[in-house]
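Structure first, then comments.
These numbers were taken from a predicted model, which means no experiment stands behind them.
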Amino acid sequence: MRSCRYVLILVAALLWCQPSEGQFLKKLFKKKHKTEKKEKVSSDGINDDVQTVLLDITTLTDNSNNRNGFLGIPLGIKAERFGKQLTEQGFTERIPEGKQTAKSYVYDGEVYGSPSHITLYTSEQTSRVFAVDVEETTIYPTEADVKERFQQLKKQLTAVYGKGYMDDGGESYMIVSRLGSVCIHYERAMMGSSYTIGFTIDDAKAYQMAYGEMADKENESLPRIIENGLATAECHTDIVGLGYKLLKNKSLSAAKTVLTEYEYVMGKLTAKQQSASLSINDYHSTIVLSRKKQSFTTLTIIANDDVEKVRKSLKTNGFMTTDNSHFQQGKMSATLNVDSQGQVVLQMK
C-alpha cells in the first residue's frame, strides 16, 4: 500500500471535479469497488471478537489482531458487525431506492463535527471491511473555506492516527502507519466553484486480504507486505509535488509559505541558500534552495525515499524521460539519482 495511495466515492463521483479524479481514494484503490455484496459469504476463520483497534504496536509481540479503526471500530471485521456498531453510535443506514441485487453498506451521520455519508468497502468473498470512506455533505463556497475545514480535519485525524504529510500538490494529506492509511482530500465541484471534502481510512491487513479475493486486480494498488500483523514501514512522500509547487513560487517568501504548508522546518538562511527539513518516524527529507537575491534558481531534495516511487511520481506529474534519470516538462527539468548512502537525490530547476 502507500508509500501515501492510497485515491471510490460512489455518491460523490458525479459531483467532484474530474481532473483530480478523486486521487485521495485512488492512492488506496485504483478503481471504484462494489458496495453491494452477495448474500452468501465465505468463512475465513478470523474471530471478530478478538480484533482490537489502534493499540500501541510496540506493546505487542504480534499485531495480527490489531487494526486501524474508525470511531473506535476495528476495520477488518465483517460488514454486518461493523454496520451494527455504527448504528449503535447513532448512524442511520441508508435504504437504497429501487430493487437491489445485493446488500450495500452506506450510512449517514456526524463525523468529526460534520454531517457525512459513510461507505464501507468490503472484500468480495468474505465481506470484511477493508476501508471506510467519509464524504462530508457540507458544500464549501470557496477554496479558503474548504482549506479551513481541511486544517481542522487534519488536526483531528492526526491526534488519532499520527503525523502524516501533504500530498497531491497540497490538496491532500496522507497518514501512513504500519496498521493502515488515512487520506484527507478536498475537491472542486464539477459545476461551479464550490468544494467538497472527505477522507478514507484503510486497514493494511484487511486490504491485503481483500486484494487476494479480487477477481480483477489489474488496476489495483499492490498491498504492503505484512509481518507479525504489521505492514512494511512507509518511506515515501510527495517530494515531486513539493518541488513542482516550489518551482511555481520561486520567490523565497512564497517558497517559505509552501514549505510551511508541507510542514517542513525552516533551516538557516544564508547568502547562498535556504534549507528546510521534514522528519516522520524513520523518514527524513532535506531540501536546499540555491539563492539568487530574494529568489531561488534550483532546488535539491535528499531523502531516504523509494527511488522507483519518485520516478513514477515524476512521470505521473507529466515529466518525460528517455533514461529514467533526466526528466523534462516544458521549461522545468529534474535529475534523479541515488547517493552512496542509498538516499534519493532529486534536483529540479
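- If you check the side chains of Thr321 and Asn324, you find no donor sitting under 3.5 Å from an acceptor.
- Gln343 and Asn304 form no side-chain donor-acceptor contact under 3.5 Å, judged by distance and modelled atom types alone.
- In this structure, Phe199 and Phe70 have tilted ring planes: the angle between them lies in the 30° to 60° band.
- Checking Ile280, Ile175, Asn281, Thr158 one by one against Lys163, the side chain to side chain contact (heavy atoms under 4.5 Å, CB included) holds for a single residue, Ile280.
- No hydrogens or angles considered: a donor-acceptor pair under 3.5 Å links the side chains of Thr58 and Asp56.
- For the pair Leu153/Tyr173, no side-chain contact is recorded, criterion being any heavy-atom separation below 4.5 Å from C-beta on.
- With sequence neighbours excluded, the residues forming a side chain to side chain contact (heavy atoms under 4.5 Å, CB included) with Val53 are Pro74, listed by chain and number.
- Nearest heavy atoms, Phe150 versus Ile184: CE1-O, 3.9 Å.
- Using bins of under 30°, 30° to 60° and over 60° for the plane-to-plane angle, the ring pair Tyr207/Phe130 lands in the tilted bin.
- Salt-bridge annotation for Arg67 and Asp203: present, with a side-chain N of the basic residue lying under 4.0 Å from a carboxylate O of the acidic one.
- Side-chain contact between Leu314 and Leu346 is present, with heavy atoms from C-beta onward closer than 4.5 Å.
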Can you give the donor-acceptor pairs under 3.5 Å from side chains of residues 272-279 to other protein atoms, not counting sequence neighbours?
| from | atom 1 | to | atom 2 | distance (Å) |
| --- | --- | --- | --- | --- |
| Gln274 | NE2 | Gly267 | O | 3.0 |
| Ser279 | OG | His284 | ND1 | 2.9 |

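- For the residue pair Glu80 and Tyr105, a side-chain donor N or O sits within less than 3.5 Å of a side-chain acceptor on the partner.
- Remark: side-chain polar atoms of Gln152 are not paired, donor with acceptor, to backbone N or O of Lys154 under 3.5 angstrom.
- Residues forming a ring pair (Phe, Tyr, Trp, His ring centres under 6.0 Å) with Tyr283 (at least two apart in sequence, or on another chain): none.
- Counting only N and O atoms by type, the side chains of Asp202 and Tyr121 include no donor and acceptor under 3.5 Å apart.
- Note that NZ of Lys250 is 8.5 Å distant from OG of Ser295, once rounded to the nearest 0.5 Å.
- Residues Gln151 and Lys155 form no side-chain contact, since every pair of their non-hydrogen atoms from C-beta on lies 4.5 Å or further apart.
- Contact check for Arg224 versus Val176: side-chain heavy atoms found under the 4.5 Å cut-off.
- Every side chain to side chain contact (heavy atoms under 4.5 Å, CB included) that Ser290 has, sequence neighbours left out, goes to Thr297, Thr298.
- Between Glu261 and Lys147 there is no salt bridge, since none of the side-chain N atoms of the basic residue sits less than 4.0 Å from a carboxylate O of the acidic one.
- Scanning all heavy atoms of the two residues, the minimum distance from Pro141 to Asp145 falls at CG-OD2, 3.1 Å.
- A 6.0 Å sphere centred on CG of Asp62 holds more than 12 heavy atoms belonging to other residues, nucleotides or ligands.
- A side chain to side chain contact (heavy atoms under 4.5 Å, CB included) with Thr335 is found for one member of Met348, His326, Lys349 and no other, namely His326.
- Look at Asp49 and Arg81 and you find a salt bridge, because one of the NZ, NE, NH1 or NH2 atoms lies within 4.0 Å of a carboxylate O, short of that distance.
- Summarising the hydrophobic clusters (Ile, Leu, Val, Met, Phe, Trp, Tyr; side-chain heavy atoms under 4.5 Å, direct or chained), the residues clustered with Leu60 are Leu55.
- Under the 4.5 Å side-chain criterion, counting only non-hydrogen atoms from C-beta, Ser123 is not in contact with Met209.
- Between Arg149 and Glu136, at least one side-chain N (NZ, or NE/NH1/NH2) sits under 4.0 Å from a carboxylate O, which counts as a salt bridge.
- Side-chain contact annotation: Glu148 with Tyr140, donor-acceptor N/O pair under 3.5 Å absent.
- Put simply, the side chain of Phe82 does not reach to within 4.5 Å of the side chain of Arg128, judged on heavy atoms.
- When all heavy atoms of Glu143 and Tyr195 are compared, the pair lying nearest together is N-CE1, 3.3 Å.
- Using a distance-only test at 3.5 Å, with no hydrogens or angles considered, a donor-acceptor pair links the side chain of Asp216 to the main chain of Glu218.
- The minimum heavy-atom distance between Val258 and Asn249, with the atom names listed, is CG2-ND2, 4.1 Å.
- Applying the side chain to side chain contact (heavy atoms under 4.5 Å, CB included) test to Arg291 and every residue at least two apart in sequence or in another chain returns Leu252, Leu269, Gln294.
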